Protein chains: 2
Amino acid sequence: MFSVYKRYAPTVCGRRTLPLIGQPQPERADAARNRRKIIEVAASMIAEHGADDISLDEVARVAGVGVGTVYRRFGDRAGLVLALIDDRERQFQESFLTGPPPLGPGAPAAERITAFLDALVGRVVAQQGLFAQLEKCGKTIRYSGPYRVHHVHLATLLAQACPNADPAFLADALLAPVNARLIAFQQEERGMTIGEIKAGLARLATVVTCGYGVPPGGSQR
Amino acid sequence: MFSVYKRYAPTVCGRRTLPLIGQPQPERADAARNRRKIIEVAASMIAEHGADDISLDEVARVAGVGVGTVYRRFGDRAGLVLALIDDRERQFQESFLTGPPPLGPGAPAAERITAFLDALVGRVVAQQGLFAQLEKCGKTIRYSGPYRVHHVHLATLLAQACPNADPAFLADALLAPVNARLIAFQQEERGMTIGEIKAGLARLATVVTCGYGVPPGGSQR
DNA sequence: AGGTTAATCGGAGTGTTCTCCGTTTACAAG
DNA sequence: CTTGTAAACGGAGAACACTCCGATTAACCT
């Protein structure tokens with residue numbers, strides 16, 4: 001009755017002769033080969049059928065490995081999804097951390113915020129199915145990995161742009177609408193285009209960065 | 001391969017002698033009895049073990065009905081969750097549609113917006129587990145039922161408070177952070193209290209309603 | 001080479017969600 | 001009370017997510 005599934009530690013190796021704590025060694029050759037094969041198969045299955053309905057059993061079968069192998073490599077469905085997201089995500093992070101302005105450093109914080117939200121919408125739309133999967137998965141995962149990086153980045157910019165705000169909360173609040181499922185809903189049922197969504201967020205960000213110039217309670221009507 | 005589950009139409013009855021379209025008749029006595037029994041059992045199981053791990057098989061077993069019956073009554077897991085949410089939701093809707101100000105009619109729109117978001121956070125927190133379940137379920141459900149009502153209400157108020165904004169988009173954007181899983185994350189990992197979350201939203205709403213006084217582009221720094 | 005051993009592997013097994021369909025039942029009309 | 005029938009019932013069954021564990025193997029050491 002009730003829950004039963006526990007979580008595998010997504011084994012990340014350790015060589016025998018070096019049991020030094022905190023020194024993860026590279027994967028064994030067969031493990032690395034399987035990881036690549038699984039990712040490759042999963043990616044092509046998603047390209048063909050969409051991300052909604054991938055079964056990990058099926059992925060394992062097509063990849064020619066046991067189910068256990070998939071789970072040992074990636075922990076669970078969310079882990080595999082995260083791995084599929086990883087490539088583009090790394091590129092995206094580079095672009096706002098070290099790329100050219102207005103996304104990267106060099107532009108005023110307010111502009112970077114708008115540029116970041118704009119790019120983030122694009123990012124999510126580019127892998128909408130995968131992000132939607134992520135939101136469906138275990139609670140821990142959703143606010144893991146990419147989300148945390150995005151949050152730190154946005155909160156830092158907000159701290160510069162509006163010194164009287166709570167940047168952590170505000171970053172959560174601005175990140176919340178950039179959500180694969182909400183965006184899909186806005187497109188399908190509200191008839192909005194991606195451009196309109198981006199414009200709406202940009203304006204919201206502008207209003208927010210301007211509006212938080214005054215301390216709490218200072219602008220009460 | 002890939003998806004297989006189709007969706008039952010959550011049978012809502014129809015009497016034989018009155019096949020008039022659009023005139024749904026009350027449920028048969030046995031059906032109504034089972035619906036009540038299932039809800040009752042599910043509610044008590046959730047009260048005891050939390051909402052995360054209820055198995056519909058288990059609910060069916062304890063309620064003394066077949067699994068098929070559960071699915072015929074409620075469509076799927078999300079449908080049952082929605083039913084469990086329904087009572088309080090109706091009360092909540094009454095309170096902002098016809099209750100006393102500032103939540104109900106009578107107060108200025110800006111105040112009602114703040115009051116509404118405040119109450120909504122309370123609402124979500126009161127059944128956090130169930131709302132979290134809902135977000136995990138099929139995409140159609142998440143933006144169904146309660147969400148749509150909340151959205152219409154908030155968009156209406158926003159249309160009054162900030163005539164230059166896109167109320168539909170803005171309502172989505174303000175509703176997005178009021179999210180069971182985000183709130184849980186903010187509590188657990190950011191160490192925020194519900195009071196702080198409510199305060200943050202209230203301030204955001206104030207800034208937004210004030211900031212959208214000017215047309216798009218008008219307040220560019 | 002050959003030995004050692006921890007990491008890896010595969011797949012049978014458990015619990016869950018949801019569907020299908022043959023059987024039963026509530027209820028209205030005669 | 002009997003009968004007709006749409007609706008409801010139950011539970012076997014298909015597909016899936018994830019776990020467990022005995023067998024296998026890569027890679028380091030002598």
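Sequence lines set the chain letters: A, B, ... in the order given, protein chains first and strands last, and positions in each chain run from 1. Hydrogens, waters and symmetry mates play no part in the numbers below; they use all other heavy atoms, side chains included. Note that this is a predicted model, so its numbers are computed, not measured.
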Pairs: protein N or O with nucleotides 22-24 of chain C N or O, under 3.5 Å:
none

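The nearest whole Å value for the distance from the CG atom in A/Asp30 to the C1' atom in C/dT8 is 6 Å. Between B/Ile38 atom CD1 and C/dT17 atom C1' the separation is 15 Å, expressed in whole Å. Rounding to whole angstrom units, CZ of residue B/Arg73 and P of C/dC18 are separated by 17 Å. Between the CG atom of A/Asp52 and the P atom of D/dA17 there is a distance of 12 Å, rounded to whole Å. Summarising the geometry, the separation between NZ on B/Lys37 and P on D/dG10 is reported as 13 Å, rounded to the nearest angstrom. Straight-line distance from the CD atom of B/Glu58 to the P atom of C/dG15: 11 Å, rounded to whole Å.
B/Gln133 places none of its side-chain heavy atoms less than 4.5 Å from the side chain of B/Gln127.
A search for salt bridge (charged side-chain N to carboxylate O under 4.0 Å, His left out) contacts involving B/Asp118 returns B/Lys198, not counting sequence neighbours. Every residue two or more places apart in sequence or in another chain that forms a salt bridge (charged side-chain N to carboxylate O under 4.0 Å, His left out) with A/Arg123 is listed here: A/Glu89. A/Asp30 meets the side-chain hydrogen bond (donor to acceptor under 3.5 Å, both in side chains) test with A/Arg28; sequence neighbours excluded. With sequence neighbours left out, A/Asp57 forms a salt bridge (charged side-chain N to carboxylate O under 4.0 Å, His left out) with no residue at all. For the salt bridge (charged side-chain N to carboxylate O under 4.0 Å, His left out) test, no residue two or more places apart in sequence or in another chain qualifies with A/Arg33.
Annotation: of the two residues near DNA chain C, B/Ala29 and B/Val67, the 5′-most nearest-nucleotide partner is B/Val67.
OP1 or OP2 of C/dA7 has not a single side-chain nitrogen or oxygen of A/Arg72 nearer than 4.0 Å. For the OP1/OP2 pair of D/dA15 and a distance below 4.0 Å, the side-chain nitrogens and oxygens of A/Ser55 include no atom meeting the criterion. A sub-4.0 Å separation between OP1 or OP2 of C/dG10 and a side-chain N or O of A/Thr69 is present.
Across all strands shown, A/Asp57 has heavy atoms under 4.0 Å from base atoms, whether or not it also approaches the sugar-phosphate. Using a 4.0 Å heavy-atom distance criterion, B/Gly79 is classed as making no nucleic acid contact.
Side-chain contact annotation: B/Tyr143 with B/Asp172, donor-acceptor N/O pair under 3.5 Å absent.
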